[in-house]
Structure formats: C-alpha cells, structure tokens
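First the proteins, then the strands, lettered A, B, ... as listed; each starts at 1.
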Amino acid sequence: MGRFIKTWRRPEKWSLFRPDDRILLILIGILVGICSGVAAVALSRSLFATLHWVHSFHIYWWAFLLPGIGAALSSLFLNNIMKEGAGHGVPEVIYSVSRYGGLMRLRSSFSRLIASWLTIGSGGSAGPEAPVVMSGAAIGSNIGRIFSMNERQRVTLVGCGAAGAISAIFNAPIAGMVFTIEVILGEWTAVNIVPIAIASVAGTQISRFLQGNNIVFDLRQFHIGFVDVLASFGLAVIAALASILLTHLLRKMPRLARKTPLPIWLRAAVGGVIVGLIGVAFPVVLGEGYHSIQSMIDGAFTPGMLLVMVATLAKMLATAFTLGWGGSGGIFAPSLVVGSLAGLAYHRCLVFVWPAVTWAHEGCFALLGMAGLISGMMQAPLTGIFLIVEITGGYGVIVPLIVVSAISSTVCQYIEPASFYLKELVDKGQLLRPGTDARVLSDLSVHELLERDCISVTRNMLLRDFVQTVQRSHRNFFPVEDEDTGRFLGMIHLDDIRPYLFNPGMYDAVVMEQIMNRGVEVVRPEDDLLDVLRRMDERRLFSMPVVSNGVFLGMISKATLLDRYRQELRVQTQFVA
Amino acid sequence: MGAKLIHIFRNTPIGRESLLQSAYFCKQADATPVVYIPRHTKFLMYFENDVVQVDLDSSYLKAPDSAESRAAELLFEQGMEADFFKPKNFTASTLPDIPTHFDFMCCPGTISDLSSKIGLGYIGPRVRRILNEAYFPVLLASGVYKPWKRIAVLFGGSANALNAFKLGLRLRRTSGLPLELYTRREGKSEEDYRSIMRNANLEDDFERHADGWHFFEDGPIEESLYEIHHDALVVVGAFRHGLIKDMVFGSTVEKIQSVLPNNLLVVGPKYTFSV
C-alpha cells in the first residue's frame, strides 16, 4: 500500500512521463483547471443567489448596514477562523511564484472564496476575480505538492489554477491564459504556455457545463467611425488617470484605516457601512456591479453626465472603503464598473461638446473604458484587450480597444512604474521576476559563496610573524581576531600595510591591532546577495568579510559571486525554450 | 559557533523559561540562539515542498516594549549575545516569513492544537509537518528550565532513529555529556539492532562515544520510558506511521512527550548530518 502511494505521488517517475514532463504537466493542468473552474463557478453562482436575496432587503431603511455586517463577518472569518493575512490575493500569488516556487497554503484554496462571498454578497464593492485567482493558484500549488512536483512544475500549475479560474468566471479562455502569463508569471515560455492554455480550456468547459455557454455581457453591434478611434485616445488618458486615482485610493485607505483605534473586524464593518451609505445615493456602487455594466452597454443607464461622473468617483471610494478597511475581494470587477462609468461620462461629454458629430453608441465607450481601466490598473494591455473581446463576444471594437488599452497602460506605467498588484512587492524588494538579477541571486546564499581559505591573525601578533603568514597565504586579506574570544576585530589588507612590510625595523615594534582596519564593511550570512553586490559596487569593493555573531566565517568576493550568478542563470534558463 | 537555533520568544514566565532552555541547549550544542520576537500571531515557514503556517496565541505579543531587552538580559546571564531576527519578507502585511535555513528550532508550544498544554510545545499536526519537511531537528523544551546532564537517544532501528543517533553523537561531541541508547526490542534481538548500526557504519562511533545501550522487553511504552534519566535530553526520530494508524493509536512521539518531563529533540526524515 505504502509503495503504491509512493508511486502515484511521483508520476514523473512513471515510464510514460520520464522522457519529457510536458504531457504530465498538461494532464495535471487539466485537473487543476477543472478544480479551479469549479471553485470559480461555485463563487459566481453563490454570489448571484446571495445578491438576489440581499436585494430584497433594500426596501428597508437599515439596508445600508448590510455591507458592514458582511465585511465584518468576512474579516472575522479570514482573521480569526482561517488566520489568513490581509491582502487582495493576487499579490500573494505573484509573491509566492516569484520567491517560493509557487508554494501556497491549502487554506488559501477556499478561504478567500468564502470571505469574498460574504463581502460582495452583502453589497461590498469588490470583485470575485482575485479571490478565485488565489483559490485556483492555491489548488494548483497543492495538487503540485501532492504529486511531488518540482519548483518549475509547481509554478506552472499555479498558473494553470489562476488561468482556469479566470477562464471559468468570465467564460473567457484566452483572457485567462493571457492574464496568467502577463500578470502572474511575467514570462512567456513554451513550457508554461501549453499547460496553461489547456487548463484555461478545462476551466472554461467546466464553467459551460455547469452554467451554460453564456457571454458575460450581451453585446449589440456598434458602428465605429474614424472620429471614435480618434476619441479613444482621449478616453485612454482619462482611463489612465482614473486608474491612477483608484490605485492611490486603494493604497491610502488601509493606512487611514490602521490609524483608527478599532479592532480589525469593526474597521471592516465601518468601511462596509460607509459603502452602504454611498449605495443609498448611488446603488451602482454596490456588489460586483455586472448588472450595472450591462445596462451601460445597452445604453439603459439613465443618469446624466454629471451624475455619472460623481458615480465614477463614488464607485472608486466605495471600492477603497470596502477593500482598504478590511473587506475581502479583488479590483477586477470594480475596475470594469469604474471603466464603464468613465467611458460613459466621456461619451456624454463628447456629445455635449460636439453634438453635431455622429458618435458610436455610448455602450461602445463603456467597453473601451473597461479595457482602459483593466489595462491601466494591471499594466497588462493584452489582458484588457482579450478580456473585453471575450466577455462581449465581438471583435467589432478591436481597433479603439487596442488604442485605449495600449495608451492607458503606457501612461500609467509612465506615471507609476509598478502596477497596482506589483507596487507593494516592488517597494519591499520582494518581486523577483524570472530572468532578473534579483531572481537569479535569490537562489544563492552567502553561505554557498563563502571562501574559507583565509588565514586569520590575532591582534597581538607581531609584524614579523605576520610576514611569515603572508608568505604562506595566497590572499591579500587577513581577518584579525581576538585570541581569547575568537571575535572578529578588523581586517588587514596587504595594500594598506605595504610601507611596514618593507621596513624590517618595524617588524618587532608593530602588532596587528595597530595597523588593522577596524571600520571594515561586513556581510552577515543572512544578507541578500543583491544587497551585497550593491554595497560592493557602491564602495568599489572586490571582497568583503562575512561575520556572524562577531565571528569571522570567511570572505565573499565579487568574482565568485558573479561566477555563481552565471552558473545559476544557466540552471534557471535551461528550461525556458 | 556556526550552528544557529531559532527561538520564538514569548515575554511571559513560561516563555522566559523556554528561552533559558534554548540558551542552555545552544551552549551544549555549540550553537547561537537567534531570537524572533513576534509582532503578529502567525508566521509562515516555506520549506522545499511545503509551506507551514504557525499560529501563535496572543500571549506571544505581550509586553512588546520590554521583550527584546528581557530576552537580551536572559541570554546575557547565560553568557550569550542576543541575535534578534527581524523578518524581511512578508507573504501578507500581517504574515511574516521565517527562513528555514536554521540548524535547530525551539518549537513554540501553541502551534499544536492542544491549547490546554500551552508552553509544553506539544506535537501537533503543524510540528509534524515541520518535522517532515525541515532539515533541522526541533527542540521541544520542558515547561520549566531544567539543565540536562546526559543525552538519551531512543533508537528503534529506522532511518530516522539512525539520524537521531547521529544527532546524539554530534551533541555528545560538542557537550561532552554521556550518551546512552534506549531500544524496545519489538520482537527483535539485540544483535538485529547492532547489525542495523553496523550496516550504517556507525558501530565504531557507538563503541567510541556511547556510554551504554539499554534494551527493554516489549510491553507498554510508558513503562520503558520510565527507565530514562529525568535529567537527560531525549533525542528521538520522528516516527512515520500512516495517518489512520496515528489517528487510532496516537503518535509515538506524542506518547513519549506526554510521559516524559524531559526536553525532547525530534529529528525528521530530512535531517542530514554525516558523522
């Protein structure tokens, strides 16, 4: 029995998969795609049912409290029951991929689903997409762990999970695949693309099987003229500005929330109640907002231009209060709503200023705005383009869509180099994208690069004895240690003491303590090698002593570091083909 | 002093006893204690093929202002310098990552699900997962500071038991304390166990460094354990039973821990140390 379990948990050793693991990855990718697709459909269906049920309470005066109750329950569930850390979900997936080979906790495969169901189902302004991405990624990671997959294979399976989830929730296989590669993995390799594409198909198929082959937003035919394409440049800039504003609000709000002396769950409740109050005036801000998007595409969104502009700001605020104050969910759906509102407002401005021009239908601008926001927030133009094409089921708007997505992401990148998902990771130096110095060096440690062939000298050693030591050594550096405690005191570099070496009169007059360099820059074993390399460059050093708890361990040199860097780069890139 | 032990410090009477125990262990094992003072009630440990979330209770966050100075004082009293670990990486803002490259870990008591036994570092599912994945052994400190004067290795003949014996030898060398082996026959002869030792090329080391090998007849495990000296550090390999067997009969290491008041050092399957 034990042998059987051992065998099936290591499928890469089966004769079928031994020569090449691609078939194995595709098969497991299908499994991951199906599981993550089921998770995504489960959340989507439960949200649909819950929002419908909660809607019946909106006639009561106390309905504004509902988002607060939902957010508080969500926070209590996430923090007290699941003991999960705060966060939107997608940055955690990217972090795990870039730093820990896609290792994720099993609990992450369902915790965010339940938490976001509570938040969004009660009317909180958030999207279910980031939670399903996290859930799918965690499913992929844990299936990879069960089958004892290596780091590279596990990362691919995390991608399969994310792709399957996005594909299932939007019924959009290409968007799922492109989002995963563009946003989550950050690299396009043949090894990754095939299993991820298959997982996207599996996720889409399971979604179609469970809830039918429905396009998320029914699209009417738009007639797009040259003036609309020209106008899309302006919309791209508006979308970029809206993306930056929303990003800033989402980043500032948690800091503001932390300043309030309230328990975490109460903060979430306060944020939710504020959203409920905003929702009294602007019901469009409540929930994930797909219904409102559909009415905007259909041209059935009746409020006037100014009210649409205010609603755009209100949706941004509601999203920031929901997510920033402790609710759970993602920014995908809110970005779509803000984008469509911005597009609608822009169209109405155009009509107001140039009433004689024949513009495309306002629903078309709502779509373009959605693409602009998604591309701007995530700085992922391809995701924006393919998502809108797939969720609306038409290529009619492809030309202005490309214009808006490309320009919006470029403008956002110009103003804010890191996307919403990556900003925090970049600020903390935790983003290690494939092929970067940081990623290569993260797999090496100071311990691996230690050069231990240095000869230590004691502080009371005479120069005469030291000269003999120099004769035995092939190094220019000599660590000085305390003879009693063994503690590191400083370094002697031959260049620094050359005058003494050629003056035999000093041989019995000088001891090491007098000529050593005490203020030497040291490295600790736990230091990041990227930081070590930076310090070497800044101070023009070629090697540095490694000291732990006051004890000299060895030297680390730039030559060895770069040599191992090249070796590691070869290892990390051998599968990228 | 190359080896390092990670200690999760709790600024409470029990937590301070536990730090003293870690400090004593470090002295004997020629290791340096690295103290982590938690700012959050959870942290993650990323191993090669698993990620373990350790959940602490709120007592770990008590008196944060004085925690560092108290820990430093305690270590100073033991003639050691405090080295505090500050997490650099965070999976989420309230979820720091603790590196797994340490040579030893002193396990905080509350990461087991037996919360009634806080402070005793009971082996729960999390500790088992850590043991399964870690390259380091886990020290389960006794509730109160109790210096140990000998090393007792529980040797059952498995690969993990051989690892435990190797670890016992390592401690014997660094501490100079006597090392004894304890074995339950479980239907085998003494010669069977000696041949396991021989096949692992450890017989010479045993002859040179060990101070005795005690064999027990089969019977309740508790009765065998009473033979072990109260002032011994018990080194034991993690027993690898199936999940169902563990659920029905309980884990052997848990039984050992519940019977013995001694400090326990548990070695997992990935611990590697060549003698």
Side-chain angles (χ1 to χ4, degrees), chain A residues 1-2 5 78-80 82-89 91-93 95-96 99-108 138 141-142 144-151 154 254 258 264 424-425 428-430 432 442 445-447 450 485-487 524-528 531 548-551 553-554, chain B residues 1-6 26 30-34 40-58 75 79-103 110-111 125-126 129 132-133 240-245:
Chain A
M1 184 67 180
I5 292 172
L78 210 54
N79 291 300
N80 294 38
M82 298 314 301
K83 297 189 188 297
E84 280 258 36
H88 302 291
E92 285 91 321
V93 178
Y95 175 76
S96 122
R99 194 165 269 279
Y100 296 113
L103 272 178
M104 293 181 75
R105 290 161 293 165
L106 180 63
R107 70 182 75 179
S108 300
S141 172
N142 281 282
R145 197 165 63 78
I146 289 168
F147 287 115
S148 309
M149 294 284 169
N150 63 34
E151 199 169 293
R154 201 166 48 221
R258 275 196 291 270
I264 295 172
E424 207 172 318
L425 296 175
K428 289 179 184 167
Q430 291 176 337
L432 309 173
S442 73
S445 68
V446 171
H447 264 295
L450 265 186
T485 61
R487 293 187 73 79
R524 285 160 55 99
E526 57 272 21
D527 284 352
D528 282 337
D531 183 48
S548 172
N549 269 54
V551 177
L553 300 180
Chain B
M1 287 285 273
K4 289 191 171 186
L5 174 141
I6 177 80
C26 285
D30 196 19
T32 309
V34 177
H40 307 281
T41 52
K42 46 192 174 275
F43 61 83
L44 288 181
M45 298 184 86
Y46 284 92
F47 295 98
E48 205 175 308
N49 195 36
D50 198 4
V51 49
V52 180
Q53 179 168 329
V54 176
D55 297 313
L56 309 166
D57 63 43
S58 54
L75 290 174
M80 301 183 124
E81 201 172 306
D83 183 4
F84 291 101
F85 170 76
K86 306 263 190 273
K88 279 190 280 189
N89 298 322
F90 288 77
T91 294
S93 57
T94 55
L95 198 50
D97 308 339
I98 303 292
T100 53
H101 62 252
F102 293 100
D103 302 276
T110 45
I111 65 177
R126 305 262 162 67
R129 272 175 69 192
N132 267 333
E133 291 295 328
R240 298 197 81 180
H241 293 153
L243 180 68
I244 296 169
K245 197 172 172 186

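A:Glu424 CD: 12 or fewer foreign heavy atoms inside a 6.0 Å radius.
In this structure, chain B has heavy atoms under 4.5 Å from both the backbone and the side chain of A:Asp528.
How far CG of B:Asn49 is from CG of A:Asn150: 9.5 Å, rounded to the nearest 0.5 Å. Taking CD of A:Glu92 as the start and OG of B:Ser93 as the end, the distance is 8.5 Å to the nearest 0.5 Å. In this structure, OH on A:Tyr95 lies 3.5 Å from CG on B:Asp97, to the nearest 0.5 angstrom. Distance CG/B:Leu44 to CG/A:Leu103: 10.5 Å, rounded to 0.5 Å.
Counting heavy atoms from C-beta on, the side chains of B:Val34 and A:Glu526 never come closer than 4.5 Å. Between B:Asn89 and A:Tyr100 the shortest side-chain heavy-atom distance falls below 4.5 Å. Counting only heavy atoms from C-beta outward, the side chains of A:Glu84 and B:Lys42 never approach each other to under 4.5 Å.
Taking B:Thr100 as the reference, B:Met45, B:Phe47, B:Phe136 meet the side chain to side chain contact (heavy atoms under 4.5 Å, CB included) condition, with sequence neighbours excluded. Taking the side chain to side chain contact (heavy atoms under 4.5 Å, CB included) definition, one finds that B:Pro99 meets it with B:Phe85, B:His101, B:Phe102, sequence neighbours left out.
In this structure, B:Glu81 pairs ionically with A:Arg487, as a charged nitrogen and a carboxylate oxygen lie closer than 4.0 Å. By the 4.0 Å N-to-carboxylate-O rule, B:Asp83 lies close enough to A:Arg524 to be salt-bridged with it.
No donor-acceptor contact under 3.5 angstrom links the side chains of B:Thr41 and A:Lys83, judged on distance only.
Interface remark: of the candidates A:Met104, A:Arg154, A:His447, A:Arg154 forms the most heavy-atom pairs closer than 4.5 Å to chain B.
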task: Evaluate the side-chain contact (heavy atoms from CB on, under 4.5 Å) criterion for residues B:Lys88 and A:Asp531: first the C-alpha distance (whole Å), next the side-chain angles of each, then the deciding distance (0.1 Å), finally the verdict.
output: CA-CA 13 Å; B:Lys88 279 190 280 189; A:Asp531 183 48; over 6 Å; no
